[in-house]
Amino acid sequence: MASTALSHSLSSPINSHSSLSLSSSPSNPPSFVTYSSSDASASNSVDELPIEKRYPAFPTVMDINQIRDILPHRFPFLLVDRVVEYTPGVSAVAIKNVTINDNFFPGHFPERPIMPGVLMVEALAQVGGLVMLQPEVGGSRDNFFFAGIDKVRFRKPVIAGDTLVMRMTLVKLQKRFGIAKMEGKAFVGGEVVCEGEFLMAMGSSSSE
């Protein structure tokens with residue numbers, strides 16, 4: 001009886017809601033659905049891929065050397081490692097790899113390493129600099145300043161081992177006054193950890 005029940009559970013006629021015909025005749029035998037263990041193994045093939053091969057690396061639109069050509073910041077205050085998306089004068093997405101070797105961790109905090117919120121804001125401002133320090137916008141590396149912040153919120157702590165993904169977008173540019181308003185958001189694992197509005201003051205390297 002047990003073997004008969006198992007046989008019926010693995011091979012049974014298609015139910016009456018199927019679009020296939022169930023009429024039985026010598027020339028048209030009833031249709032059956034059969035299940036195979038290979039179906040389950042096919043669906044799990046992705047899971048069998050080693051974890052180090054499942055997640056592609058961030059693209060490199062601008063590497064650290066190109067970033068250094070644009071930003072005047074240097075160690076220990078250059079907080080952008082790579083640009084992964086870039087539209088000059090419009091927006092940029094960049095990453096900061098947060099590691100235990102960052103020089104702020106010994107003091108913030110010795111027992112619980114957390115990236116200071118003010119440095120997240122600074123990192124976002126540097127991404128804003130990458131957006132604005134372009135000939136198309138008129139920004140000058142010699143005279144470009146972080147002028148103000150508003151509505152800044154810190155949503156979650158950022159710790160050693162995290163990858164901080166930062167997006168800065170130009171909202172409004174007043175070339176006459178040399179003021180740019182930008183919106184910034186920083187993410188870890190797809191979740192917002194910091195956000196705010198930024199004001200940038202732009203000057204010109206040449207006298208007018």
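Sequence positions, counted from 1, serve as the residue numbers for this chain. For the numbers below, each heavy atom of this structure counts, side chains included, while hydrogens, waters and symmetry mates do not.
A single hydrophobic cluster is not seen to contain both I95 and L78; linkage of ILVMFWY side chains at heavy-atom distances under 4.5 Å, directly or through other members, places them apart. Note on I67: it does not cluster hydrophobically with V93, by side-chain heavy-atom contacts below 4.5 Å among ILVMFWY residues. Under the 4.5 Å side-chain heavy-atom criterion for grouping Ile, Leu, Val, Met, Phe, Trp and Tyr, L124 is connected to F104 within one hydrophobic cluster. In terms of hydrophobic clustering, with Ile, Leu, Val, Met, Phe, Trp and Tyr side chains grouped at heavy-atom distances under 4.5 Å, L49 and Y55 are assigned to different clusters. Under the 4.5 Å side-chain heavy-atom criterion for grouping Ile, Leu, Val, Met, Phe, Trp and Tyr, F187 is not connected to V127 through any hydrophobic cluster.
Under the 3.5 Å distance criterion, the side-chain polar atoms of D162 are left unmatched by any main-chain donor or acceptor of L164. The backbone N or O of V188 lies less than 3.5 Å from no partner atom in the side chain of E191, so there is not a single donor-acceptor pair. At distances below 3.5 Å, at least one donor-acceptor pair connects side-chain atoms of H108 with backbone N or O atoms of I114.
When all heavy atoms of P59 and R82 are compared, the closest pair comes out as O-CD, 3.4 Å. Listed here is the closest heavy atom pair of M166 and A186: CG-CB, 4.0 Å. Of all heavy-atom pairs spanning L170 and G89, the tightest one is CD2-O, 3.2 Å. Heavy atoms only, all atoms of each residue included: A123 and V80 are closest at O-CG2, 4.0 Å.
For F58, the CZ atom sits in a loose shell: 12 or fewer heavy atoms of surrounding residues, nucleotides or ligands are nearer than 6.0 Å. By the neighbour-count criterion of 12 heavy atoms within 6.0 Å, atom CD of E111 is sparsely surrounded, having that number or fewer from other residues, nucleotides or ligands.
A distance of 7.0 Å separates CZ in F77 from CD in Q126, rounded to the nearest 0.5 Å. Atoms CG and CG, on D69 and L130 in that order, are 11.0 Å from each other to the nearest 0.5 Å. The OG1 atom of T169 sits 9.5 Å away from the NZ atom of K185 when rounded to the nearest 0.5 Å. I179 contributes atom CD1, which lies 11.0 Å from atom NZ of K172 (distance to the nearest 0.5 angstrom). Atom CZ of F145 and atom CG of L199 lie 15.0 Å apart (nearest 0.5 Å).
Counting heavy atoms from C-beta outward, V90 and V131 have side chains that stay 4.5 Å or more apart. Under the 4.5 Å side-chain criterion, counting only non-hydrogen atoms from C-beta, V171 is not in contact with M182. When side chains are defined from C-beta on, L173 counts as touching M132, because their heavy atoms get closer than 4.5 Å. Side-chain contact check for V193 versus M120: some heavy-atom pair is nearer than 4.5 Å.
Among residues two or more places apart in sequence or in another chain, the salt bridge (charged side-chain N to carboxylate O under 4.0 Å, His left out) test is passed with E85 by R167. With sequence neighbours excluded, the residues forming a ring pair (Phe, Tyr, Trp, His ring centres under 6.0 Å) with F146 are F198, listed by chain and number.
Checked for salt-bridge contact, R155 and E195 meet the test: a charged N lies under 4.0 Å from a carboxylate O.
None of V158, V165, D102 except one satisfies the side-chain contact (heavy atoms from CB on, under 4.5 Å) rule with K96; the exception is D102.
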